[in-house]
Amino acid sequence: MKENIVQLSQMMNITNHGHILYIYESIEDYIENASSYIFTGIEQGHHILFIENKEIFDKISLKIQETLSLDQLRNVHFFDNYDFYRLYGDFKYDLIVQHFSKIIDQFKDKSSIVRTWANVDWKDQDHLISKLTTFEKLADHSVQSSNLISVCAYNGHKISAALQNSMLKSHEYFMTDKELVKSSLYDKRSVIFPSIYETKETL
């Protein structure tokens, strides 16, 4: 596990933006990777927006509290992913993006550097693959235009191979519990959506 912690930390140190698709299998490894992401961001003086369910975040909090000071912990901002993604009932990616943009705006007003981590959640519904694929294409453009490092985490037991391959087209990096690599399917030219800020004006 230490090897992929080093790998993730090195990636964060050599780039100022990146959209990472993380398909996790082990919750233990997931917690280790999430904690590493927070540690590295805090070391660089960044604010971390962490969208996660409370049960998992409580476990992550126990790990980071062993190392981070109270001042550093104030730069870790938790949002419940159940409310974040299911607040509107259906997975309405336009409203989710609008909500996210308002949160980012709060930090941009303070000239703060922001890094995000989101454990994407949803309820069973029609046209889910299309909705998630569109959502991630829009998110990729937002990451590029806003110079963010953003991890989109998905439970590997909940998504199909077809959905994974589709989302690899809108993520520059692909991460598993044990490794982090460039996405061989990523095609930046296919992203034609407006930024979250432009989208917000039309909603």
> Could Glu136 and Lys169 be called an ion pair, given the rule that one side-chain N must be under 4.0 Å from one carboxylate O?
Replying inline: no
Partners meeting side-chain hydrogen bond (donor to acceptor under 3.5 Å, both in side chains) with [X] (sequence neighbours left out):
{"X": "Asp71", "answer": "Arg74"}
{"X": "Ser35", "answer": "none"}
{"X": "Ser183", "answer": "none"}
{"X": "Lys59", "answer": "none"}

- Task: May I ask you to check whether Phe50 and Phe79 place their ring centers less than 6.0 Å from one another?
- Result: no
Shortest non-hydrogen separation from [X] to [Y] and the atoms involved:
{"X": "Leu68", "Y": "Gln72", "value": "CA-OE1, 3.3 Å"}
{"X": "Ile38", "Y": "Val76", "value": "CG2-CG2, 3.8 Å"}
{"X": "His171", "Y": "Ile20", "value": "CD2-C, 3.6 Å"}
{"X": "Gly41", "Y": "Ile48", "value": "CA-CD1, 3.9 Å"}
{"X": "His46", "Y": "Asn75", "value": "O-CB, 3.8 Å"}
{"X": "Thr116", "Y": "Ser150", "value": "OG1-OG, 2.7 Å"}

Within-4.5 Å side-chain heavy-atom neighbours: [X] and [Y]:
{"X": "Arg115", "Y": "Leu49", "result": "no"}
{"X": "Val120", "Y": "Asn81", "result": "no"}
{"X": "Leu73", "Y": "Ile64", "result": "yes"}

Using side-chain contact (heavy atoms from CB on, under 4.5 Å), reason through Lys137 and Met167 one step at a time and then give a plain yes or no.
CA-CA 8 Å; Lys137 286 181 179 180; Met167 290 194 295; over 6 Å; no
Original post:
Going by distance alone, is a donor N or O of one side chain under 3.5 Å from an acceptor N or O of the other, for Asp140 and Tyr186?
Top reply: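 Judged by distance alone, the side chains do pair up.
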If you measure from [atom1] on [X] to [atom2] on [Y], what distance do you get to the nearest 0.5 Å?
{"X": "Leu185", "Y": "Asn165", "atom1": "CG", "atom2": "CG", "answer": "6.0 Å"}
{"X": "Leu70", "Y": "Gln65", "atom1": "CG", "atom2": "CD", "answer": "8.5 Å"}
{"X": "Asp80", "Y": "Glu55", "atom1": "CG", "atom2": "CD", "answer": "11.5 Å"}
{"X": "Ile60", "Y": "Glu52", "atom1": "CD1", "atom2": "CD", "answer": "5.0 Å"}

TODO: Kindly say whether Asp177 contributes a backbone atom to a donor-acceptor pair with the side chain of Asp29 at under 3.5 angstrom?
DONE: no
Short side-chain to backbone donor-acceptor contact, Ser36 and Glu32, under 3.5 Å:
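Checking the backbone N and O of Glu32 against the side chain of Ser36, no donor-acceptor pair under 3.5 Å is found.
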With sequence neighbours excluded, residues passing side chain to side chain contact (heavy atoms under 4.5 Å, CB included) with Asp58:
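So Asp58 forms a side chain to side chain contact (heavy atoms under 4.5 Å, CB included) with Lys54.
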By side chain to side chain contact (heavy atoms under 4.5 Å, CB included), Gln164 pairs with (sequence neighbours left out) Ile23, Ile159, Leu168, Phe174
Would a single hydrophobic cluster contain both Leu62 and Ile31, if residues Ile, Leu, Val, Met, Phe, Trp and Tyr are joined by side-chain heavy-atom contacts under 4.5 Å?
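Each belongs to a different hydrophobic cluster.
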Applying side-chain contact (heavy atoms from CB on, under 4.5 Å) to Tyr173 and His19, what does each step give before you reach the verdict? CA-CA 6 Å; Tyr173 297 92; His19 195 201; over 6 Å; no
**Prompt:** Can Tyr37 and Val151 be said to form a side-chain contact (heavy atoms from CB on, under 4.5 Å), step by step?
**Reply:** CA-CA 9 Å; Tyr37 186 82; Val151 174; 3.5 Å; yes
### Query
Would you call the rings of Tyr24 and Tyr30 parallel, tilted or perpendicular if under 30° counts as parallel and over 60° as perpendicular?
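The arrangement is tilted - the two ring planes meet at 30° to 60°.
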Check your understanding: Does the pair Tyr22 and Leu180 meet the rule for a side-chain contact (heavy atoms from CB on, under 4.5 Å), with working shown?
Key -> CA-CA 9 Å; Tyr22 178 17; Leu180 174 67; over 6 Å; no
Residues passing the ring pair (Phe, Tyr, Trp, His ring centres under 6.0 Å) test with Phe39, sequence neighbours excluded, are none
